**Q** 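One structure, pasted below without further comment.
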Amino acid sequence: MCIRDRFFQIGDTRTFITYNFNSNSTENVEAVLTDTGTHCYLWVASGYTVEDSKLNDIKNEFDLVIYPIDTTYFGKEPNVDNDEKIHILIFDIKDNYQEEKVYIAGYFDPADQTGQNQLDMFYMDLNPGIPGSNSFYATLAHEFQHMIHYNQDNSEETWLNEGFSMYAEVLCGYGLPTYHINAFVNNPNTSLTDEFNNTLEEYGAVFLFIEYMEEIVERQDISISTFTRTLVSSELHSINSINYILPQFLTSEYDTFEKIFNKWVLANYLDLSYGDYGYRRENMDLQVNLTSVDTLYTNSLSIGYPEYYVNSWSANYFKIYPSDSILTISVNFDGYINGTSGSDDFSCLSVLGISGDSLINPPEIYIPDNNGNVSGVSVQANSIEYFIFIVAGADDGGNFELLLEPSQIVPVELSLFNAFIESNRIKLIWITSSETNNYGFEVERKFINKDFQKIGFIEGNGTSSKVNSYSFTDNDVTPGWREYRLKQIDYNGTFTYSNVIEIFIDFPQKFTLYNPYPNPSNSSVIFKVDFPVDTEAEISIYSLTGEKVITLKKDNINKGKHSYIWNGINRQGKRVASGIYIINIKSNKFTASKKFIILK
């Protein structure tokens, strides 16, 4: 028992200075000490009654749930009165509820830390608030976080402080703030960091951002309580504190506020159950509202001045149905709200290709140039039912124009893209029939439940009207399914993606020569062979009369799945005539052959 317990005994009365929100002034409220716990005193305003069983429940809930969870995640509370117990005053908060039907459920007043009641305390409503209810406990958890945050960083910006208090409600088990989340979902162009006006959508925004950031931390197997305490206690504030703390815990993919924010705006639409673009907490299913442009366009489409704007650190979402196979996209900002630099206005443009409610390719995120714009980005619309374009604001936000135009030039015509196993490696081959300003190809690979990653680059042939062949070897033969795609890049930086191909890696149990394909073929033919053991073999093409046309391989071949391609050229370097040909494999362990047709 602390020394001050001598002065606070059950049945004691005390006058507290409270705040009247109707008159914007203070007023005195007399209250009776009705119960005490390990970490709290419970005071009830004179003239009001709270059942003893409810008081006991409140005491136990605070001592056994709220206090240990909030202090574990956010840090130590203040102790201005040199008493380890916190005073909880339960009374009728004057909030004009009878007229507005909106009430203040509770509050923490920093004035108590510097004067006023000179106590560590917060204030809880009993009309129409219901002591001992789930919402009552959620408010206790919420306000206790404010008290702790004041002790750790009494100059923190409101949006981050409120975000952590909303998060405290969920941590303590009082459920998701559904009304606030739904309000944000209906108005996603709600600033995360601007002056906080206590609207439902603002509370929804700050909660979702904190929840998402904490989930990112947890997915990296990092203690979220340690991360959160470190962030709350930072001497810096708002975005600066996040930018200072993140690199101490996360890799470069997540080490700034803006990187987390750009992923967050995608998660608020996609909410995928894997990867970074979604929430994992149970019942966290959401999808923000869209501005839908329902009609197809034939020439160009401009969305923007003066109707559309994006607030600072918020996002505007557009659903657009394409009418062309390739689109050129630009985002241009129309001046600044408060900023002095274009790059302060606009955080990123994100592009999602959707078909049948499924994401066709991983999201593309385009960062603006020094003027705060994105220009001349090309995206392929093949197999796309509709696009989601997300314009996200940065420090200042502003009016913008989103411009979509049909691309006049198809930069590269890809006639073949395939993957096969060769010598226990994955070989990718692709053929172009023409190229315009082709800088080259980034080769990307994706494993199950992972995002595409760049694994190599092959230089292009600039501008060419002839057929060009390319290949790339992937030495990673981890068993299982994987996907590949090409990112074709022009000299001006615009790019498009190829179709996605997939291949399954395992090791065969028996020798098999598969049917050649395509069959018939008017260009190249692919032969797939399974070798269950290492062997020396010769793989050759013969005419139907038995004449050897060409030897594709004569060497030691490692066990595994292998593929070979023949372009229809004989040993003399000439294209063969139309007809029936035979692929033949000979080794000291097995032989096999298959017929196929070449057509000119």
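Just so it is clear, the model here is predicted, and its values are computed rather than measured.
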**Q** Hey, are the side chains of S350 and E364 touching, using non-hydrogen atoms and a 4.5 Å cut-off?
**A**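 They are not in side-chain contact.
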**Q** Say you draw a straight line from OG of S233 to CD of Q152; how long is it, rounded to the nearest 0.5 Å?
**A**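 Rounded to the nearest 0.5 Å, the OG-CD separation comes to 5.5 Å.
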**Q** For Y73, is there any backbone N or O sitting under 3.5 Å from a side-chain donor or acceptor partner on S225?
**A**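 Checked: no pair found.
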**Q** Side chain to side chain donor-acceptor pair (under 3.5 Å), that's the test. Do T230 and Q248 meet it? Break it down for me.
**A** CA-CA 10 Å; T230 306; Q248 301 176 32; over 6 Å; no
**Q** So, using side chain to side chain donor-acceptor pair (under 3.5 Å) as the criterion, who are the partners of D125 when residues are at least two apart?
**A**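 With sequence neighbours excluded, D125 shows a side chain to side chain donor-acceptor pair (under 3.5 Å) to no residue whatsoever.
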**Q** Regarding Q113 and D120, is there a side-chain donor-to-acceptor distance under 3.5 Å anywhere?
**A**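 Yes.
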**Q** Give a yes or no on this: more than 12 heavy atoms of other residues, nucleotides or ligands lie within 6.0 Å of atom OH of Y439.
**A**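 Check fails, neighbour count at 12 or below.
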**Q** Is any side-chain heavy atom of V351 closer than 4.5 Å to a side-chain heavy atom of Y366?
**A**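 Result yes, sub-4.5 Å side-chain heavy-atom pair found.
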**Q** Going by ring-ring contact (aromatic ring centres under 6.0 Å, His included), name the residues that satisfy it together with Y203, two or more places apart in sequence or in a different chain.
**A**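 Only H180, F196 meet the ring-ring contact (aromatic ring centres under 6.0 Å, His included) criterion with Y203.
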**Q** Would you check if I148 and Y150 make a side-chain contact, meaning some heavy-atom pair closer than 4.5 Å?
**A**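 Not in contact.
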**Q** Could you report the tightest heavy-atom contact between P177 and V170, atom names first, then the distance?
**A**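 Nearest pair, atom of P177 first, then V170: CD-CG2, 4.0 Å.
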**Q** Would one find more than 12 heavy atoms of other residues, nucleotides or ligands at under 6.0 Å from atom OH of Y274?
**A**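 No, because the 6.0 Å sphere around OH of Y274 holds 12 heavy atoms or fewer from other groups.
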**Q** Within the side chain of E156, is there an N or O that forms a donor-acceptor pair under 3.5 Å with the backbone of S238?
**A**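 Looks like yes, one N/O pair under 3.5 Å.
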**Q** Around atom CD1 of I130, are there more than 12 heavy atoms from other residues, nucleotides or ligands closer than 6.0 Å?
**A**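 Open: at most 12 neighbouring heavy atoms sit under 6.0 Å from CD1 of I130.
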**Q** What pairs with Y67 under side chain to side chain donor-acceptor pair (under 3.5 Å), at least two apart in sequence or on another chain?
**A**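 For Y67 the side chain to side chain donor-acceptor pair (under 3.5 Å) partners, ignoring immediate neighbours, are K76, E77.
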**Q** Please answer whether the main-chain N or O of N182 pairs with a side-chain N or O of N186 as donor and acceptor at a distance below 3.5 Å.
**A**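 Yes; at least one donor-acceptor contact below 3.5 Å.
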**Q** Taking C-beta and beyond as the side chain, do I320 and F389 meet within less than 4.5 Å on heavy atoms?
**A**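 Yes, close enough: below the 4.5 Å cut-off.
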**Q** How about T26 and T18: do any of their side-chain heavy atoms sit closer than 4.5 Å?
**A**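 A side-chain contact is absent here, since even the closest heavy-atom pair is not under 4.5 Å.
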**Q** Within the side chain of E201, is there an N or O that forms a donor-acceptor pair under 3.5 Å with the backbone of N187?
**A**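 Judged by distance alone, no pair lies under 3.5 Å.
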**Q** Is the positively charged end of K94 above the ring of F21, judged by distance under 6.0 angstrom from the centroid and angle within 45° of the axis?
**A**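 No - K94 does not lie over the ring of F21 by the 6.0 Å and 45° rule.
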**Q** With a 3.5 Å cut-off and sequence neighbours excluded, list the donor-acceptor pairs that the side chains of residues 258-265 form with protein atoms.
**A**
from : atom 1 : to   : atom 2 : distance (Å)
E258 : OE2    : S347 : OG     : 2.9
K259 : NZ     : S252 : O      : 2.6
K259 : NZ     : D255 : OD1    : 2.9
N262 : OD1    : S347 : OG     : 2.7
N262 : ND2    : E258 : O      : 3.4
K263 : NZ     : E253 : OE2    : 3.2
K263 : NZ     : D276 : OD2    : 3.3
W264 : NE1    : L208 : O      : 3.4
W264 : NE1    : Y279 : OH     : 2.9

**Q** Can you tell me which residue among F257, F184, W313 is in a ring-ring contact (aromatic ring centres under 6.0 Å, His included) with F209?
**A**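 Filter result, single survivor: F257.
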**Q** Could you tell me whether E218 atom CD has more than 12 heavy atoms of other residues or ligands within 6.0 Å of it?
**A**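 Open: at most 12 neighbouring heavy atoms sit under 6.0 Å from CD of E218.
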**Q** Working to the nearest 0.5 Å, report the span between CG of L352 and OH of Y317.
**A**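 So the CG of L352 and the OH of Y317 are separated by 9.0 Å.
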**Q** Quick one: are N499 and R485 in side-chain contact, heavy atoms under 4.5 Å?
**A**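 A side-chain contact under 4.5 Å is absent here.
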**Q** Just say parallel, tilted or perpendicular for the rings of Y123 and Y107, cut-offs at 30° and 60°.
**A**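 Y123 and Y107: parallel rings.
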**Q** Out of curiosity, F207 CZ to Y167 OH, how far, rounded to the nearest 0.5 Å?
**A**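 Separation between the atoms: 8.0 Å.
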**Q** Would the distance check show the side chain of Q287 and the main-chain N or O of Y269 forming a donor-acceptor pair, the cut-off being under 3.5 Å?
**A**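 It does hold such a pair.
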**Q** CZ of F457: more than 12 outside heavy atoms within 6.0 angstrom?
**A**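 Atom CZ in F457 is packed in, count exceeds 12.
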**Q** Please, which pairs that meet salt bridge (charged side-chain N to carboxylate O under 4.0 Å, His left out) have at least one residue in residues 281-290, sequence neighbours excluded?
**A**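 Listed once each, the pairs are E211-R281.
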**Q** To the nearest 0.5 Å, what is the distance between CG (D395) and CG (D194)?
**A**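 D395 atom CG to D194 atom CG measures 9.5 Å (nearest 0.5 Å).
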**Q** Show me the pairs that pass salt bridge (charged side-chain N to carboxylate O under 4.0 Å, His left out) and involve residues 174-187, at least two apart or across chains.
**A**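 Sorted pair list comes back empty.
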**Q** Can you check side chain to side chain donor-acceptor pair (under 3.5 Å) on S155 and H237, steps first, answer last?
**A** CA-CA 7 Å; S155 299; H237 312 305; 4.6 Å; no
**Q** Please check this pair: side chain of K446 against backbone of E444, looking for a donor-acceptor N/O pair closer than 3.5 Å.
**A**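 Answer holds: no.
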**Q** Test side-chain contact (heavy atoms from CB on, under 4.5 Å) on N154 and H149 and set out the steps.
**A** CA-CA 7 Å; N154 61 19; H149 215 127; over 6 Å; no
**Q** Taking all atoms of both residues into account, what is the closest heavy-atom pair of E162 and V206, and its distance?
**A**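 The answer is C-CG2, 4.2 Å.
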**Q** Given 3.5 Å as the limit, does a donor-acceptor pair link the side chain of N20 with the main chain of S23, or not?
**A**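 The answer is yes, because a donor-acceptor pair under 3.5 Å joins these two groups.
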**Q** Is the positively charged end of R482 above the ring of F447, judged by distance under 6.0 angstrom from the centroid and angle within 45° of the axis?
**A**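 No, a cation-pi geometry is absent between R482 and F447.
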**Q** Using every non-hydrogen atom in the two residues, find where A138 and Y174 come nearest and quote the distance to one decimal.
**A**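 Heavy atoms of A138 and Y174 come nearest at CA-CD1, 3.6 Å.
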**Q** Quick check: do Y137 and C172 have side-chain heavy atoms less than 4.5 Å from each other?
**A**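 They are not in contact (no side-chain heavy atoms under 4.5 Å apart), so the answer is no.
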**Q** Start with the C-alpha gap between N311 and L192, add the side-chain angles, then the distance that decides, and say whether side-chain contact (heavy atoms from CB on, under 4.5 Å) holds.
**A** CA-CA 9 Å; N311 286 309; L192 192 62; over 6 Å; no
**Q** Would you compute the distance between atom CG of L266 and atom CG of L359 and round it to the nearest 0.5 angstrom?
**A**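 Output value for this atom pair is 9.0 Å.
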**Q** Give the C-alpha distance, both sets of side-chain angles, the deciding distance and a yes or no for side chain to side chain donor-acceptor pair (under 3.5 Å) between E202 and T199.
**A** CA-CA 5 Å; E202 286 175 318; T199 64; 3.1 Å; yes
**Q** Looking only at heavy atoms, which two atoms of C348 and I367 are closest? And how far apart?
**A**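 In this case the closest contact between C348 and I367 is CB-CD1, 4.0 Å.
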**Q** Thinking salt bridges, do E442 and K454 make one under a 4.0 Å N-O criterion?
**A**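 Yes, charged N to carboxylate O under 4.0 Å.
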**Q** Within the side chain of R445, is there an N or O that forms a donor-acceptor pair under 3.5 Å with the backbone of F452?
**A**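 Looks like no, no N/O pair under 3.5 Å.
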**Q** Do T436 and V412 make a side-chain contact, defined as non-hydrogen atoms from C-beta onward lying under 4.5 Å apart?
**A**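 The answer is no; the side chains never approach within 4.5 Å.
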**Q** Could you go step by step and tell me if F62 and D70 meet the side-chain contact (heavy atoms from CB on, under 4.5 Å) rule?
**A** CA-CA 10 Å; F62 186 79; D70 272 17; over 6 Å; no
**Q** Are any side-chain N or O atoms of N316 and backbone N or O atoms of N189, one a donor and one an acceptor, separated by less than 3.5 Å?
**A**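 Not a single qualifying donor-acceptor pair exists.
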**Q** So, taking the atom named CD1 in I489 and the one named CZ in F495, what distance separates them when rounded to the nearest 0.5 Å?
**A**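 Interatomic distance, I489 CD1 to F495 CZ, rounded to 0.5 Å: 7.5 Å.
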**Q** Crowded around Y244 OH? As in, over 12 foreign heavy atoms under 6.0 Å?
**A**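 Atom OH in Y244 is not packed in, count stays at 12 or less.
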**Q** Between S314 (side chain only) and V310 (backbone N and O only), is there a donor and an acceptor less than 3.5 Å apart?
**A**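 No, the answer is negative, given that no donor and acceptor are paired below the 3.5 Å cut-off.
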